[in-house]
Amino acid sequence: MPAFGPLKRSDLVKYLRKYGFDGPYSGGKHPFMVKGDLSLTIPNPHRKDIGREFLSRILRQAGISKEEWERL
């Protein structure tokens, strides 16, 4: 179960795959992941972890609640 807090981009991709997203695919300035008709832009790989606020925005766009995220 991932904690709702800072995490590495690779962990974000791994958990989104468990939630049913495919990818990441290249596109424009940022890679994206797809689940059905939903396309979710994910951050480029950098050295820093993804913070709580940014993770919250990503999950809101993906339709994943904090409780669902922690149950993955």
Side-chain angles (χ1 to χ4, degrees):
M1 287 186 224
F4 188 79
L7 76 155
K8 296 180 189 286
R9 178 188 184 270
S10 59
D11 291 336
L12 173 66
V13 169
K14 178 175 71 173
Y15 294 129
L16 287 173
R17 283 184 181 151
K18 285 184 180 181
Y19 197 73
F21 282 85
D22 294 321
Y25 301 107
S26 300
K29 293 184 179 183
H30 295 280
F32 63 96
M33 297 184 78
V34 177
K35 180 180 179 183
D37 293 337
L38 178 64
S39 178
L40 179 66
T41 302
I42 59 171
N44 287 323
H46 295 288
R47 295 181 190 160
K48 293 186 177 182
D49 289 346
I50 297 168
R52 291 177 57 103
E53 295 82 17
F54 193 31
L55 176 60
S56 177
R57 283 186 271 158
I58 292 170
L59 296 180
R60 186 172 36 249
Q61 291 174 1
I64 304 171
S65 70
K66 179 180 175 183
E67 293 78 23
E68 287 177 298
W69 177 256
E70 292 177 338
R71 280 186 279 158
L72 279 179

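Values reported hereafter were calculated over all heavy atoms of this structure, with side chains retained and with hydrogens, waters and symmetry mates removed. On a predicted model such as this, the values are computed, not experimentally measured, just so you know.
Residues F54 and M33 fall within the same hydrophobic cluster, defined by Ile, Leu, Val, Met, Phe, Trp and Tyr side chains chained together at heavy-atom separations under 4.5 Å. Placement of Y19 and W69 within a single hydrophobic cluster is found when ILVMFWY residues are connected by side-chain heavy-atom separations under 4.5 Å, directly or transitively. Hydrophobic clustering keeps V34 apart from Y15 (ILVMFWY residues linked when any side-chain heavy atoms are closer than 4.5 Å, directly or through intermediates).
How far CZ of R71 is from CD1 of I64: 11.5 Å, rounded to the nearest 0.5 Å. Put simply, CG on L40 and CG on D22 are 12.0 Å apart, with the number rounded to the nearest 0.5 Å.
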For residues 2-12, which side-chain donor-acceptor pairs fall under 3.5 Å, sequence neighbours excluded?
{"from": "R9", "atom 1": "NE", "to": "P43", "atom 2": "O", "distance (Å)": "2.6"}

Could you walk me through whether L38 and F21 pass side chain to side chain contact (heavy atoms under 4.5 Å, CB included), step by step?
-> CA-CA 9 Å; L38 178 64; F21 282 85; 3.7 Å; yes

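Sequence neighbours left out, not one pair with a member in residues 54-64 passes side chain to side chain donor-acceptor pair (under 3.5 Å).
P24 approaches I42 most closely through the heavy-atom pair CB-CD1, 3.6 Å. Contact record, S39 with F32: OG-CD1, 3.5 Å, taken as the closest heavy-atom pair.
You'll find the side chain of P31 reaches within 4.5 Å of the side chain of N44, heavy atoms only.
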